[in-house]
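Only one structure is covered here, and it is reproduced in the block below.
Because the structure is predicted, anything quoted here is derived from the model rather than measured.
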Amino acid sequence: MSNTLPVEDLSKTYLEHSMVINNFVIKIGSQIKDSLCRVFGDSVQYEWHENDDKVVIPDVSIICNLRDRKNVSFTGIPRFVMEVLSNATEDYDRHEKMNIYCKVGVSEYWIVDWRKKQVEIYLFDFKEDGESYPYLYKTVTSANKEELQMVMFPNLHITFDELFDIGEY
């Protein structure tokens, strides 16, 4: 018995992953359009010196310094990043990507698990020596879904049900 998923399982994962990203971008994008900030889905890449100029592509990012660009990449720091977990990326999103976002100065990081319908909201703070570290600010599930709220953008709203509007297939 091989460990590879059948093709239909992979496409289903990809579809739900994309739907969560699109739900966020559409809902938040309609609210943010009159500001200097923009929300992007997973088509935008970032390059940072702190990450040896390696390209990082978040699933969702909100950036307010759109002029900080190098060719097709942003060099500015997004204030908000969201990663939607999949079986293939969960470890990378929880460890390596979180450390990168922490190091460069992202303010708020959501890890969204559509499989569990759960959002982990991480904020980054500084130790006395100036080193940044992530901490889990809040976990939101269907049990406390009314508590889903962006910390850095309190005027922008997406409900738990809007975020996880992925249908049942």
Side-chain angles (χ1 to χ4, degrees), residues 3 5 9-29 32 37-66 68-127 129-141 147-153 156 158 160 163-164 166:
N3 286 339
L5 289 168
D9 285 358
L10 288 173
S11 62
K12 185 174 190 300
T13 297
Y14 180 76
L15 183 64
E16 286 156 336
H17 182 269
S18 293
M19 288 171 82
V20 171
I21 293 168
N22 289 337
N23 291 345
F24 189 94
V25 169
I26 291 165
K27 183 71 179 172
I28 297 300
I32 207 172
C37 303
R38 289 290 176 270
V39 60
F40 292 103
D42 54 4
S43 57
V44 171
Q45 58 188 39
Y46 292 87
E47 282 182 56
W48 300 304
H49 297 304
E50 298 89 341
N51 193 38
D52 302 323
D53 292 318
K54 289 190 293 222
V55 168
V56 177
I57 303 174
D59 286 336
V60 173
S61 57
I62 297 177
I63 187 164
C64 302
N65 44 345
L66 298 172
D68 296 340
R69 296 173 68 172
K70 183 173 87 179
N71 301 323
V72 297
S73 298
F74 282 118
T75 56
I77 309 301
R79 291 178 56 195
F80 172 93
V81 169
M82 179 175 94
E83 295 290 356
V84 180
L85 298 180
S86 65
N87 293 341
T89 65
E90 180 164 6
D91 201 52
Y92 180 54
D93 291 340
R94 288 191 175 282
H95 300 102
E96 190 174 344
K97 272 191 164 177
M98 184 184 297
N99 289 333
I100 292 166
Y101 299 144
C102 183
K103 191 161 59 171
V104 300
V106 170
S107 302
E108 180 175 354
Y109 180 39
W110 285 18
I111 294 181
V112 176
D113 191 334
W114 59 266
R115 301 159 302 184
K116 295 180 184 171
K117 290 207 169 132
Q118 172 179 296
V119 180
E120 296 168 33
I121 301 173
Y122 289 88
L123 301 177
F124 299 108
D125 206 344
F126 294 92
K127 299 176 185 168
D129 64 5
E131 185 184 344
S132 57
Y133 67 94
Y135 67 93
L136 180 59
Y137 170 74
K138 183 179 289 187
T139 300
V140 181
T141 64
E147 295 180 32
L148 186 66
Q149 176 62 53
M150 299 178 75
V151 178
M152 293 299 141
F153 294 94
L156 301 178
I158 183 167
F160 188 86
L163 182 64
F164 290 109
I166 53 178

Spacing of Ser73 atom OG and Ile57 atom CD1 [to the nearest 0.5 Å]: 8.0 Å
Tyr133 side chain to Glu131 side chain, donor-acceptor N/O pair below 3.5 angstrom: no
Residue Phe160 excluded, over 12 heavy atoms near CZ under 6.0 Å: yes
Matching residue for Val20 among Val119, Val84, Val25, Val60 - test: side chain to side chain contact (heavy atoms under 4.5 Å, CB included): Val84
Gap separating the NZ atom of Lys117 from the CZ atom of Phe164, nearest 0.5 angstrom: 7.5 Å
Between SG on residue Cys64 and CE on residue Met152, distance to nearest 0.5 Å: 11.5 Å
Side-chain donor-acceptor pair present, Asn99, His95, cut-off under 3.5 Å: no
Residue pair Val56 / Lys97, side-chain heavy-atom distance below 4.5 Å: yes
Separation between CD1 of Ile166 and CG of Leu15, rounded to the nearest 0.5 Å: 8.5 Å
Straight-line distance of Asp113 CG to Thr141 OG1, nearest 0.5 Å: 12.0 Å
Heavy-atom closest contact (Ile62 atom, Met150 atom, distance): CD1-CE, 3.5 Å
Salt-bridge criterion met for Lys70 and Glu47 (N-O under 4.0 Å): yes
Heavy-atom pair with the smallest gap, counting every atom of Val55 and Gln45: CG1-CB, 3.5 Å
Evaluation steps, side chain to side chain contact (heavy atoms under 4.5 Å, CB included), between Ile77 and Trp48: CA-CA 8 Å; Ile77 309 301; Trp48 300 304; 3.3 Å; yes
Minimum side-chain heavy-atom gap Leu85-Arg94 below 4.5 Å: yes
Parallel, tilted or perpendicular: ring planes of Phe24 versus Phe80, cut at 30 and 60 degrees: parallel
Side-chain H-bond candidate by donor/acceptor type, Gln118 with Glu120, under 3.5 Å: yes
Nearest non-hydrogen partners of Tyr109 and Asp93, listed with the distance: OH-O, 2.8 Å
Heavy-atom closest pair, residues His17 and Ser86: CD2-CB, 4.4 Å
Ile21 and its side chain to side chain contact (heavy atoms under 4.5 Å, CB included) partner, picked from Asp59, Val112, Leu163: Asp59
Distance-minimising heavy-atom pair for Val81 and Pro58: CG1-CB, 3.7 Å
Tyr135 and Phe124: CA distance, side-chain angles, deciding distance, ring pair (Phe, Tyr, Trp, His ring centres under 6.0 Å) verdict: CA-CA 6 Å; Tyr135 67 93; Phe124 299 108; 8.4 Å; no
Ring centre gap for Tyr101 and Tyr122 strictly below 6.0 Å: no
Side-chain heavy atoms of Arg79 within contact of Glu108, under 4.5 Å: no
Nearest-0.5 Å distance that lies between atom CG in Asp53 and atom OG1 in Thr75: 9.5 Å
Side-chain donor-acceptor pair present, Tyr46, Ser61, cut-off under 3.5 Å: yes
Closest heavy-atom pair and its distance - Cys102, Ser132: O-OG, 3.1 Å
